[in-house]
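What follows is a single structure, written as structure tokens, with notes after it.
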Protein chains: 2
Amino acid sequence: MSVQGSMPLGEVLVGDCVEIMKGLPAGSVDMIFADPPYNLQLGGELTRPNNSRVDGVEDSWDRFDDFAAYDHFTNAWLRQARRLLKPDGTLWVIGSYHNIFRVGAGLQDLGFWILNDVIWRKSNPMPNFRGRRFTNAHETLIWASKDQEANYTFNYRSMKALNEDLQMRSDWFIPICGGQERLRDSEGKKAHSTQKPEALLHRCLLASTKPGEVVLDPFFGSGTTGAVARKLGRRWVGIEREEKYAAVARKRISRVQPGDPESLQITEKREQKRVPFGWLVERGLLEAGTTLVSYNGRYRAKVRSDGTLVTEGFSGSIHQVGAHVQGAPACNGWQFWCLNAEGKRVPIDVLRDKLRAELN
Amino acid sequence: MSVQGSMPLGEVLVGDCVEIMKGLPAGSVDMIFADPPYNLQLGGELTRPNNSRVDGVEDSWDRFDDFAAYDHFTNAWLRQARRLLKPDGTLWVIGSYHNIFRVGAGLQDLGFWILNDVIWRKSNPMPNFRGRRFTNAHETLIWASKDQEANYTFNYRSMKALNEDLQMRSDWFIPICGGQERLRDSEGKKAHSTQKPEALLHRCLLASTKPGEVVLDPFFGSGTTGAVARKLGRRWVGIEREEKYAAVARKRISRVQPGDPESLQITEKREQKRVPFGWLVERGLLEAGTTLVSYNGRYRAKVRSDGTLVTEGFSGSIHQVGAHVQGAPACNGWQFWCLNAEGKRVPIDVLRDKLRAELN
DNA sequence: GAGCCTGATGAATCACGCG
DNA sequence: CCGCGTGATTCATCAGGCT
């Protein structure tokens with residue numbers, strides 16, 4: 001058994017990611033973002049029609065003898081990822097058709113529960129020069145919890161806000177990393193061949209973590225995960241096999257302005273403090289005896305001094321009475337019941353909001 | 001060994017697809033489109049915010065004991081699919097994150113060579129009613145040949161034409177099947193719970209088959225593959241486990257107007273008649289002695305009467321000379337060499353097009 | 001007929017905390 | 001650990017009915 005130290009937050013650890021993960025404490029990570037080698041089987045060089053050479057991925061870290069070797073490697077790092085995650089932590093993995101099916105099946109076999117697969121649609125993909133296939137214009141991300149029962153984090157409201165107040169879909173349109181964002185060496189060459197755009201990590205981190213939580217990236221590369229984590233006030237740990245890339249990442253992240261806590265604060269509705277309906281009556285925001293109307297005008301009920309409602313032959317909480325009159329199994333009374341205000345029906349939820357504001 | 005008959009073209013065979021495929025002749029199919037069960041593993045019932053019930057997929061054909069059982073089933077039908085395909089035939093499979101990773105890994109293990117994964121982006125997916133995940137707004141298709149060396153069909157020009165003369169990308173935006181297209185029984189209920197849109201099949205068939213070729217769908221369902229195949233002048237065979245669905249499909253397909261051969265004709269450049277460069281000189285579209293310039297203006301060469309080019313100390317075909325001056329292993333001379341026309345450089349390929357038009 | 005409103009529905013792995 | 005109560009939660013499209 002290996003000796004397990006504490007989490008080296010804000011550091012890039014250099015070495016084999018499986019071995020290094022073995023030395024980290026179990027259940028200490030809230031989210032893992034992994035961009036493993038793609039197992040690209042490029043047959044020789046790829047050239048453009050005019051013979052200029054495409055600078056593809058041919059680094060030694062991206063070569064595996066066969067699928068069995070790749071599966072073995074995948075299983076090893078996924079096992080460690082699973083061990084390091086907290087019970088409610090989640091895993092993101094990105095890949096292409098060369099490797100993502102093997103990774104997806106592998107993580108399902110280990111008990112991970114897939115929450116979504118997400119498509120990164122590239123605004124500016126490389127064309128298919130030979131005209132023999134469809135332009136490969138996307139990559140696939142898998143988002144998974146440790147098991148089916150996990151109470152994972154999903155910042156629904158933040159995602160909805162990012163998408164013009166419509167639910168965020170599973171297809172994301174984001175440009176590839178280029179221009180000023182792309183890290184280059186002194187000769188102008190790409191510092192890393194598969195640098196991911198910060199916008200992609202921004203969305204993953206914002207969707208599935210809270211400020212201050214711990215994010216691990218076992219294939220750190222040029223450190224995009226660390227840079228965005230710092231920007232978003234998340235804590236991070238990176239693992240990178242090559243010191244060359246680790247150095248690039250450290251320098252890059254040190255220049256990132258950390259996000260200020262206040263602007264990072266987001267409140268999901270489901271996290272707000274509970275306000276019982278009765279408090280509205282106690283506090284005088286609603287008088288006992290007031291008649292409430294259902295949102296569609298079909299039902300009426302009277303408010304009692306203890307915070308229950310009463311309608312013909314039935315009484316109970318706002319939720320119970322709402323469900324009863326509709327003959328429905330459940331009902332959110334806050335949205336169902338309304339006040340008549342200036343001829344318009346207003347959900348009693350607005351009174352709850354008002355009280356919550358007073359209570360702060 | 002089972003007795004193998006001939007291909008029952010235009011028929012829906014009722015029974016277990018693996019068993020039926022075993023009875024069909026090897027190497028007899030040009031393309032297979034497969035929409036296997038997704039193994040959704042749905043839990044209890046799901047209601048919309050208005051308390052109406054979501055009509056999920058609860059059919060018996062989608063229930064498997066565990067991943068092992070699903071993998072076993074997947075391996076069995078993929079093996080038969082492989083046996084039935086001609087050497088240059090291709091396989092399409094559609095799935096969701098529940099099953100596609102297992103199918104993708106399984107077909108790679110059998111030696112299939114993935115050409116693309118294609119994303120069907122739904123214009124109108126069902127929302128995520130509980131706000132716990134991203135809206136699952138896509139499904140994934142895998143397109144694969146039997147092996148890496150296969151000379152598969154890809155109708156590049158047709159796909160490009162379908163996409164406003166830009167290369168067709170791997171992400172397709174297509175509405176789900178509803179409205180008039182959705183087959184319903186006499187009570188207005190869905191005839192099949194997972195009917196695919198014809199637009200999706202149209203694109204798959206148009207991309208990867210020629211008129212008259214044989215298409216097999218081992219999970220025929222309501223027969224979308226057959227209907228579109230008939231419309232596009234492809235021959236088809238369907239296999240469906242339930243007679244109920246087979247009957248629906250037969251009736252549906254019988255009403256389809258077969259495409260007329262002329263309008264199905266498409267011209268892929270690679271199938272056009274070969275036109276040697278020398279013919280341009282013979283026919284007078286280009287005079288011997290003309291000086292050609294490379295597309296980037298760096299190199300020059302002179303046309304000789306026999307259709308060869310000559311430059312400083314080297315002569316040969318347009319391709320050989322193009323490769324030589326660049327020091328490249330190969331070169332497409334039709335695109336590399338240009339004429340100076342009205343101050344602009346125009347590839348000599350335009351002269352070939354002109355001659356081809358004259359030769360018709 | 002045009003326009004507006006209401007209701008239905010689609011391959012869906014769809015709560016959570018407290019007592 | 002289970003049971004129960006509170007309460008969070010939907011987008012695009014089509015069919016049909018009413019003004």
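Protein chains get the first letters and strands the later ones, always in sequence-line order, with residue 1 at the start of each.
- For C/dG17, the OP1/OP2 oxygens have a side-chain nitrogen or oxygen of A/Asn151 closer than 4.0 Å.
- Side-chain atoms of B/Arg48 stay outside donor-acceptor range of the base of C/dG7, with no qualifying N/O pair under 3.5 Å.
- A salt bridge does not link B/Arg241 to B/Asp59: none of the charged nitrogens lies less than 4.0 Å from a carboxylate oxygen.
- The listed nucleotides are C/dT13, C/dA12, D/dG7; the one nearest the side chain of B/Met126 is C/dA12.
- B/Phe220 does not carry B/Arg250 over the face of its six-membered ring by the limits of under 6.0 Å from the centre and within 45° of the normal.
- Positionally, the nearest nucleotide of DNA chain C for B/Pro125 lies more toward the 5' end than for the other of B/Pro125 and B/Arg130.
- Checking the phosphate oxygens (OP1, OP2) of D/dA8, a side-chain nitrogen or oxygen of A/Asn332 falls inside 4.0 Å.
- Contact of A/Trp334 with D/dT6 (side chain to base): no donor-acceptor pair of N or O atoms is detected under 3.5 Å.
- Look at C/dC4: its Watson-Crick or wobble partner, with both distances under 3.5 angstrom, is D/dG17.
- Closest approach to the B/Glu139 side chain among C/dA15, C/dG10, C/dA11 is made by C/dA11 (side chain taken as heavy atoms from C-beta onward).
- Looking at residues 51-76 of chain B, you'll see B/Val54, B/Asp55, B/Gly56, B/Val57, B/Trp61, B/Asp62 sit with a heavy atom under 4.0 Å from some atom of DNA chain C.
- Side-chain N/O atoms of B/Lys190 include one lying less than 4.0 angstrom from OP1 or OP2 on C/dG10.
- One can place CD of A/Gln272 at 16 Å from C1' of C/dG17, the figure rounded to the nearest angstrom.
- Nucleic acid contact for A/Gln167: sugar-phosphate only, since backbone atoms but no base atoms lie under 4.0 Å from a heavy atom of the residue.
- Without hydrogens or angle criteria, B/Tyr70 side chain to B/Pro37 main chain gives a donor-acceptor distance under 3.5 Å.
- Centre separation under 5.5 Å together with a plane angle under 30° does not hold for the ring of B/Phe129 and the six-membered base ring of C/dC14, so they are not marked as stacked.
- Taking a cutoff of 4.0 Å between a charged side-chain nitrogen and a carboxylate oxygen, A/Lys160 and A/Glu268 do not qualify as a salt bridge.
- A salt bridge is absent between B/Lys189 and B/Asp55: the closest approach of a Lys/Arg side-chain nitrogen to an acidic carboxylate oxygen does not fall below 4.0 angstrom.
- Taking the nucleotide of DNA chain D with the nearest heavy atom to each of A/Arg270 and A/Asp165, the more 5' of the two is matched to A/Arg270.
- Both tests pass for B/Arg102 against the ring of B/Phe67: distance under 6.0 Å to the centre and angle within 45° of the axis.
- Among D/dT9, D/dA12, C/dA12, the nucleotide with an atom closest to any side-chain atom of B/Leu46 is C/dA12.
- Between A/Tyr156 and the phosphate of D/dA8, there is no side-chain N or O to OP1/OP2 separation shorter than 4.0 Å.
- Within the 4.0 angstrom heavy-atom criterion, base atoms lie near B/Pro36.
- Residue A/Gln320 places at least one side-chain N or O closer than 4.0 Å to OP1 or OP2 of D/dT6.
- Comparing C/dG1 with D/dG17, their P atoms are spaced 16 Å from each other, to the whole Å.
- Going from the P atom of D/dA8 to that of C/dG10 covers 28 Å, rounded to whole Å.
- Applying the 4.0 Å criterion to OP1 and OP2 of D/dG7, one finds that A/Lys269 has every side-chain N and O outside that range.
- Note on B/Asn136: a side-chain N or O is less than 4.0 Å away from OP1 or OP2 of C/dT13.
- For C/dA11, its base sits under 3.5 Å from the side chain of B/Lys196 at one donor and acceptor pair at least.
- The phosphate of C/dA8 has neither OP1 nor OP2 within less than 4.0 Å of any side-chain N or O from B/Arg184.
- Using a 4.0 Å heavy-atom distance criterion, A/Arg352 is classed as a sugar-phosphate-only contact.
- Residue B/Arg132 places at least one side-chain N or O closer than 4.0 Å to OP1 or OP2 of C/dC16.
- Using a 4.0 Å heavy-atom distance criterion, A/Ile318 is classed as making no nucleic acid contact.
- Across the C1' atoms, D/dA12 and C/dT13 are found 23 Å apart, a figure rounded to whole Å.
- Nucleotide D/dG7 holds its P atom 11 Å from the CZ atom of A/Phe277, rounded to whole Å.
- In this structure, of C/dA11, C/dC14, D/dT9, it is D/dT9 that holds the atom nearest to the side chain of A/Arg157.
- Taking only side-chain nitrogens and oxygens, B/Ser193 never comes nearer than 4.0 Å to OP1 or OP2 of C/dA11.
- Residue contacts for B/Arg133: at a heavy-atom cut-off of 4.0 Å it reaches a base atom on one of the strands shown.
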Open item on the list: A/Asn155 vs A/Lys210, test: side-chain hydrogen bond (donor to acceptor under 3.5 Å, both in side chains). Steps then yes/no.
Closed with: CA-CA 8 Å; A/Asn155 296 317; A/Lys210 304 290 182 193; 2.5 Å; yes
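- Counting any heavy atom pair closer than 4.0 Å across all strands shown, B/Ser96 reaches no nucleic acid atom.
- Counting heavy atoms from C-beta outward, B/His192 and B/Glu242 have side chains that stay 4.5 Å or more apart.
- For the C1' atom pair drawn from C/dA12 and D/dT9, the interatomic distance equals 14 Å after rounding to whole Å.
- Pairing for D/dT6 is with C/dA15, a Watson-Crick or G-U wobble pair whose two hydrogen-bonding atom distances lie under 3.5 Å.
- Not one side-chain nitrogen or oxygen of A/His319 sits closer than 4.0 Å to the OP1 or OP2 atom of D/dT6.
- A 4.5 Å side-chain heavy-atom check between B/Cys204 and B/Trp172 finds at least one atom pair inside the cut-off.
- Crowding of A/Arg79 atom CZ: a count of heavy atoms from other residues, nucleotides or ligands under 6.0 Å not exceeding 12.
- Syn is the conformation of C/dT13, whose glycosidic angle sits no further than 90° from 0.
- Here A/Arg298 does not reach the OP1 or OP2 of C/dT6: none of its side-chain N or O atoms lies under 4.0 Å away.
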